[in-house]
Structure formats: structure tokens, C-alpha cells
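Bear in mind the structure is a predicted one, so any value in this text is a computation, not a measurement. Per chain, numbering begins at 1; letters A, B, ... match sequence-line order.
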Protein chains: 2
Amino acid sequence: MDSIHDDTCPRFEDTLELVGRRWTGSVLQAAGRGARRFGEYRAMIDGISDRLLSQRLKELEAAGLIERTVIPSTPVQIRYQLAPDGRALVDALVPLAQWSMRRSST
Amino acid sequence: MDSIHDDTCPRFEDTLELVGRRWTGSVLQAAGRGARRFGEYRAMIDGISDRLLSQRLKELEAAGLIERTVIPSTPVQIRYQLAPDGRALVDALVPLAQWSMRRSST
DNA sequence: CTGAATCCAATAGGATACTG
DNA sequence: CAGTATCCTATTGGATTCAG
């Protein structure tokens, strides 16, 4: 498949619905920009609540796009970083981000 | 901007939420594959209801991504086709579709 | 053929307060 | 610091029926 014009891929809709959830794009952006800890995401994403940030991170983790690591320090640190698939997704979103940017600049 | 890692673009979230609505990806796919009339979209998108197809087409039209044309024949024909921005969006979605495809094939 | 209208159930998201 | 719990409202989507 070299375009979305080819036969319908049901997973495509799933993907769109995943990244289309509120804040998900911002969370992925933050992850791509180097966010690691919960508080860093919160600081980088203006307006998001703890509840939804937690939920989005869990969803992305469940989808295998973000890896959650517990670092046994005192106090314990939790790190969220892009998994390889997540990195690929972030890359695949670039043209869409560019398209959005082009639209908003007119 | 050459990646989604650059400064946050609020429109990016809007774009994601637009295309993330159920069936929207399929409607865009159908449009890209040549669907023109209402019934053609319905036939190409398995499971969609008249109500939601109508709603999605309206949303895409309101966003300037699809153009609705009334052809004065008997009976009247309605044509929905990709606007230039819609075509660009469909193109921008290709990497995402490829990413979805890659995931589903493993 | 191309929708619009209505009704209903499920889900999503916001606000707030609380915890180990 | 990194979440969870609760409550409440708004939005979404599905099913069905009706209409120009």
C-alpha cells in the first residue's frame, strides 16, 4: 500500500481514533520533544488535567507506543518515553502537523 | 516547522480531532478513491449510517476539505469531491496509513 | 436518491478533592 | 512526585423513521 486510496485498512480508523482523542497529539509531541517524567508532560501541555494526562499515557502505553519505567531512587521516579513504534508514529504525524501549520498560517 | 517536535501548534490538535472522529478517515479514503455521490460513499464504507455519513460530509465541507455540488439534472445529483485542501490532507495522511498498515501486518 | 428528525445509550472530558 | 476517586455534564454515535 502506498496511499490511503488502496484497500481499506480497518486499523487506520483505529489509529485515527487513538491519536484523535483530546490531548493525545500534545502528549506525543511532548514525548517527542523529550518529556520524561509525569510532571514534565504536565508542564509542557498547557491545560491538561492530571486525570487525562494519566489516562492518555496509559492508553499510549497499552498501545505499545510509550514505555513506562520505574526507576528505584528515592523518591521513586517514573519515566515515560517513546517506544520504537511510538517514535515511528510521531514521524508519521509530521506531514499532518505540517498540513495543520500551513492551514493555520493563512 | 519541520517536525511535530517544534513549538506546539494548536491547530494540530484540532486536525487530529477532526480526522479522529469515527468514519472520517473512511470518508476521506472514499473521496480519495473517487467516490462522488452520497450512495457511492455509503456503498464504499461498510457499516456507516446515513446520519453519520451526512454529518461527516458536512463537517468536511464546513472545514473546506470537500466541495458539495448540486447538478441540476432529473433527478438532481449531488456530488461531493475533495477540495484542494482535502486532497492535501489525504496526502498528508498517507504516512499514517502506512504506519497503521505496518502495525496490522505483524 | 439524498438526506433530516428523533430518541436513546455509551463515552469522553472537565472540575475537584484526595493519597502513598 | 505521580497519580486515583468521584461527580457531573457534554458530546458522540447507533437505530429507526420520515420526507422532498
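- A donor-acceptor pair is defined here as one N or O able to donate and one able to accept, closer than 3.5 Å; such a pair exists between the side chain of A:T15 and the backbone of A:R11.
- Contact annotation: B:S54 does not reach the phosphate of C:dT2 (side-chain N/O to OP1 or OP2, under 4.0 Å).
- Straight-line distance from the CG atom of A:L53 to the C1' atom of D:dC1: 13 Å, rounded to whole Å.
- With a 4.5 Å cut-off on side-chain heavy atoms, A:R87 and A:D91 count as touching.
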> Please walk me through it: do B:L93 and A:L16 pass side chain to side chain contact (heavy atoms under 4.5 Å, CB included)?
Replying inline: CA-CA 10 Å; B:L93 285 172; A:L16 288 176; 4.2 Å; yes
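- Distances shown here put a side-chain N or O of B:R37 below 4.0 Å from the OP1 or OP2 atom of C:dT2.
- Put simply, the side chain of B:E13 gets close to the backbone of A:S26: a donor and an acceptor are under 3.5 Å apart.
- In this structure a side-chain-to-backbone donor-acceptor pair under 3.5 Å is present from A:R56 to A:R22.
- Protein atom CG of B:L57 is 11 Å distant from nucleotide atom C1' of C:dG3, rounded to whole Å.
- A heavy atom closer than 4.0 Å to some atom of DNA chain C occurs in no member of residues 60-79 of chain A.
- Judged by distance alone, with hydrogens and angles left aside, the side-chain atoms of B:T24 form no donor-acceptor pair with the main-chain N or O of B:G20 at under 3.5 Å.
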> When you check every protein heavy atom under 4.0 Å of nucleotides 6-20 of chain D, what one-letter string (B, S, -) results, 5' to 3'?
Replying inline: B-----SBBB-----
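- Note on A:Y80: only backbone sugar-phosphate atoms sit closer than 4.0 angstrom, heavy atoms only; bases stay farther off.
- Ring orientation note: the planes of B:Y80 and B:F38 are tilted relative to one another, at an angle of 30° to 60°.
- Looking at B:E17, its side chain never comes within 3.5 Å of a backbone N or O of B:D14 through a donor-acceptor pair.
- Summarising the geometry, the separation between CD1 on A:I48 and P on C:dG14 is reported as 9 Å, rounded to the nearest angstrom.
- In this structure, A:R42 atom CZ and D:dT4 atom P are separated by 12 Å, rounded to whole Å.
- If you measure from atom CZ of B:F38 to atom C1' of C:dT2, you get 6 Å, rounded to the nearest angstrom.
- Regarding contacts with the backbone of C:dA4, a side-chain N or O of B:K58 is found under 4.0 angstrom from either OP1 or OP2.
- With hydrogens and angles ignored, the 3.5 Å screen pairs no side-chain donor or acceptor of A:Q55 with any backbone N or O of A:R51.
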